[in-house]
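One structure, pasted below without further comment.
For clarity, every value in this text was computed on a predicted model and none was experimentally measured.
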Amino acid sequence: MRFKSPKGTRDFYPDDMALRRWIMGKWDDVSRRNGFVEYDGPIFEDLDLYRVKSGDEIVDQLFHFNDRGGRELAIRPEMTPTLARMVAARVNSLPKPIKWYSQPRLCRAERPQRGRLREFFQWNIDIIGEQSELADAECIFVLVDFFRELGLSPQQVEIKLNSREIVASLLQAAKVPEEKQPAVYAALDKRDKLSAVAFEELLAKIELENGQKETLKRFGEAAGLEGLNSIATFLRESDVSTDGCESVRKVIEYLGAFGASDYCQFDMGVVRGLAYYTGVVFEAFGKGGLRRAVGGGGRYDQLIENMGGPSVAAVGFATSDVVIADLLAEFDKMPSTTESIDYFVIDADPSVFDIVLNITSKLREKGLSATFSYQRQGVGKQFKQAASRNAGRVVIVEGNFDTSKAVSVKDMATSNQATLMLDAFLDNPNCKIEST
RNA sequence: GUGGCUGUAGCUCAACGGUGAGAGCAUCGCGCUGUGAACGCGAGGGUACGGGUUCGAUUCCCGUCGGUCGCCCCA
C-alpha cells in the first residue's frame, strides 16, 4: 500500500516550502509596512460559528467532526468568523482603527481545481472600526503594494471595484422586484466571464421585463470613470440615491493620492457572491491567459453585529498562496529560492576531521550556517559537495593542522583563497579574503 | 456533490495490442589522494491501484484513486 497526499492537499518539499515561505514573507512585509499587525486563532472552531455566518449549507463545504464530548467542531474554512469573534471579545479595549492581518492555513471540502485546493494559505487584511472610504482605499492600496512588490505591473494585474450600493440603486431605478435581485447580482457578477449572448440568456432566464433587461445590459458593462458617471447620471434622473457612486469616487480619489490608481478601475462587473458585503467591493484579476480572480474583498459593515458582536464597520480582503503562485508562474516572476550555506568545512586529510567538526560548531555558535561532508573523501569531492550546497566559503583544514594551526579559506564567488591562523579566522569569520 | 478530458522514472517526454518499457534532466558511484566546470563510464528508479477482454495489455473495456476543465459553490 502506497499512500499519497490526500485529494487537494500538497506536500511541501524543500523547494516548494521555500516558495511558500517567500510568498508568506511578502505578505508579512507588505502588511507590516502598511501598518497592520498579525493575529491568529485556532485551526478549528465550533461548527456553529460558521453556521451563524453562512447558514446550514456551509456544513457540507467544510471538514467537521465531533470531539469525544460530542462538540461539533470544524476545521476553519475562512478567517472572518474567527476575526469577528476575537474583535467582539475585546472591541472596547482595542484602539481604532483595528488594522490586522493573518495568514491562516484553511481547509475546505471542495472539489479541487487549479487555484483552488482543499488546503491552502490565505492572506487576510482587515480594517475594523472605520467607516470612511479611506479604509476601503487603504485595503486596496495594500493589494497594489503587494502586486508591486511581486513585480507585477498594471498590464499584468488589475483591480476592479464597485459598490453594492450602486448595484442596489441600479436595481431600484430599474424597478427589479426584490425576489429577483439575488439572481441579478449573480448574473452581473458573472458578466465578465460570459459572452454578450450568454449574458443575455442568463438575463432571459430571470424573466425580467424588457426595460429592466435594457437597463442591465446598458450598465452591466459600465467601467471606468465614464461608466461611473453615466450610472450616476442615470440614477439621479431616476431619483435614486447616488451614495454608492460617491463612495467609489472617493475611494478612487484616495487611490490617486496613494499613487495607486494605475491598477484600479470602477467596474460594474464585480459584485461578489457573498450576501454580507454592504458597500465597496473589489476583486483583483490576472490579465494573462488565465484571467482568473486572484483576490478580493469589500466592506462588510453588518457582519460582525449579525454574528452577535457589536455594530462595527469593517472592510477587508483575502488572497491565497495558490493563486499567487499561479500568477507568479504565468508572468515569469517566480523567485529563485535556492538554499545556500555560509560555510562548508572540509578536511585535507581524514586525520584532522575532528577539527572540521570543531570549526563547524564554532561557526554555528556565531550564528553562521556551516556544514561538512559526511564522507571522508578527497578534497575535490568535498569541493563538489560544497558547490552543490551553494556554500559561500570553504574552509580547508590543512593536513598539517596539528603543527600549523592554520586553515585555508576560499571565497567561492571570487575564488580568492587565503591561509589564516584558525584563531584569527574564528575571531572574524567574515573577514575579507584576498588571494595570497 | 455532478459531467468531460487525463494518468508511463523525482521532472519533461517516447514506446503499432507483440523481445527484457526507453531518452534527456535530476540523484548516486567511478574516472579524480589538494580545489568547484565540462566530459566520459556506470548504477538506482517507472506503466497510479484493482478487475476484465486477449495467446499476449503501457496500449482496449470497467471500477477506484489522483490531476485537470466546466457546473454547483466560491467564505
- Message: Is the terminal nitrogen or CZ of A:R376 (NZ for Lys, CZ for Arg) located under 6.0 angstrom from the six-membered ring centre of A:F353 and within 45° of that ring's axis?
- Response: yes
- Item | Shortest non-hydrogen contact between A:N34 and A:V30, atoms and distance | ND2-O, 2.8 Å
- Message: In this structure, how many angstroms lie between the C1' atom of B:C74 and the CZ atom of A:F285, rounded?
- Response: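 Interatomic distance, CZ of A:F285 to C1' of B:C74: 12 Å.
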- Task: Using atom CZ of A:F317 as one end and atom C1' of B:C74 as the other, report the distance to the nearest whole Å.
- Result: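 That distance rounds to 18 Å.
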- A:Q113 CD - B:G66 P separation (whole Å):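 Roughly 14 Å, once rounded to whole Å.
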- Query: Now, which nucleotide makes the Watson-Crick or G-U wobble pair with B:C11, with each of the two distances under 3.5 Å?
  - Reply: B:G24
- Message: Using Watson-Crick or G-U wobble geometry with both distances under 3.5 Å, which nucleotide pairs with B:U53?
- Response: none
- Please measure how far the P atom in B:U64 lies from the corresponding atom in B:G56, and state the result in whole Å.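 One P to the other, the span is 26 Å.
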- Pick the C1' atom in B:G1 and in B:C11, then give their distance to the nearest Å.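 Looking at atom C1' only, B:G1 and B:C11 are 34 Å apart.
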- Item | Nucleotide nearest A:K381 when distance is taken to its side chain, options B:U35, B:C32, B:C73 |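 Closest of the options to the side chain of A:K381: B:C32.
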- Note on the structure: From CZ of A:R111 across to P of B:U68 the rounded distance in Å is 11 Å
- Task: Determine which nucleotide pairs with B:U19, using a 3.5 Å limit on both distances of a Watson-Crick or G-U wobble pair.
- Result: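 WC or wobble partner does not exist here.
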- Message: For A:R21, is the CZ atom crowded, meaning more than 12 foreign heavy atoms sit under 6.0 Å from it?
- Response: no
- Task: Write down the distance separating the C1' atoms in B:U47 and B:C13, rounded off to the nearest Å.
- Result: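 To the nearest whole Å, 14 Å.
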- Item | Pairwise C1' distance, B:C74 and B:G17 [rounded to whole Å] |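 The same atom, C1', in both gives a distance of 45 Å.
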- Query: Distance check: side-chain N/O of A:R114 vs OP1/OP2 of B:C69, anything under 4.0 Å?
  - Reply: yes
- Task: Ignoring backbone atoms, establish whether A:K7 has a side-chain N or O less than 4.0 Å from OP1 or OP2 of B:U68.
- Result: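 It does not, given that no N or O in the side chain of A:K7 lies less than 4.0 Å from OP1 or OP2 of B:U68.
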- Message: Distance check needed: B:G34 C1' versus A:F344 CZ, whole Å only.
- Response: 15 Å
- Roughly, in whole Å, what's the span from CG in A:L117 to C1' in B:U68?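 Nearest whole value for this atom pair: 12 Å.
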- Message: If I take atom OH in residue A:Y276 and atom P in nucleotide B:C73, what distance separates them, rounded to the nearest angstrom?
- Response: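 Rounding to the nearest Å, OH of A:Y276 and P of B:C73 are 16 Å apart.
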- Message: Does A:R272 reach a base, just sugar-phosphate, or nothing at all? Heavy atoms under 4.0 Å.
- Response: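 Sugar-phosphate contact only - A:R272 comes under 4.0 Å of backbone atoms but never of a base.
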- Message: Between A:K384 and B:C32, is there a contact of a side-chain N or O with OP1 or OP2 at under 4.0 Å?
- Response: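 The answer is no; no side-chain N or O of A:K384 sits under 4.0 Å from OP1 or OP2.
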- Item | Atom pair distance, as rounded to whole Å: NZ in A:K205 and C1' in B:C71 |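 Atom NZ in A:K205 sits about 11 Å away from atom C1' in B:C71.
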- Message: Does A:M412 reach a base, just sugar-phosphate, or nothing at all? Heavy atoms under 4.0 Å.
- Response: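 Touches a base.
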- Message: Using a 4.0 Å heavy-atom cut-off, does A:S415 contact any base of the nucleic acid, only the sugar-phosphate backbone, or nothing at all?
- Response: base
- Please confirm whether A:F121 and A:W27 have ring centers closer than 6.0 angstrom. no
- For nucleotides B:A57 and B:A14, find the distance between their P atoms and express it as a whole number of Å. 24 Å
- Query: So is A:R20 actually on top of A:F12's ring, under 6.0 Å and inside 45° of the axis?
  - Reply: yes
- Task: Ignoring backbone atoms, test whether A:Q377 places a side-chain nitrogen or oxygen under 4.0 Å from the OP1 or OP2 oxygen of B:C32.
- Result: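 No, A:Q377 has no side-chain N/O under 4.0 Å of OP1/OP2 on B:C32.
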- Item | Charged tip of A:K160 within 45° of A:F285 ring normal and under 6.0 Å | yes
- Say you pick atom C1' in B:G22 and the same atom in B:U59; how far apart are they, in whole Å? 16 Å
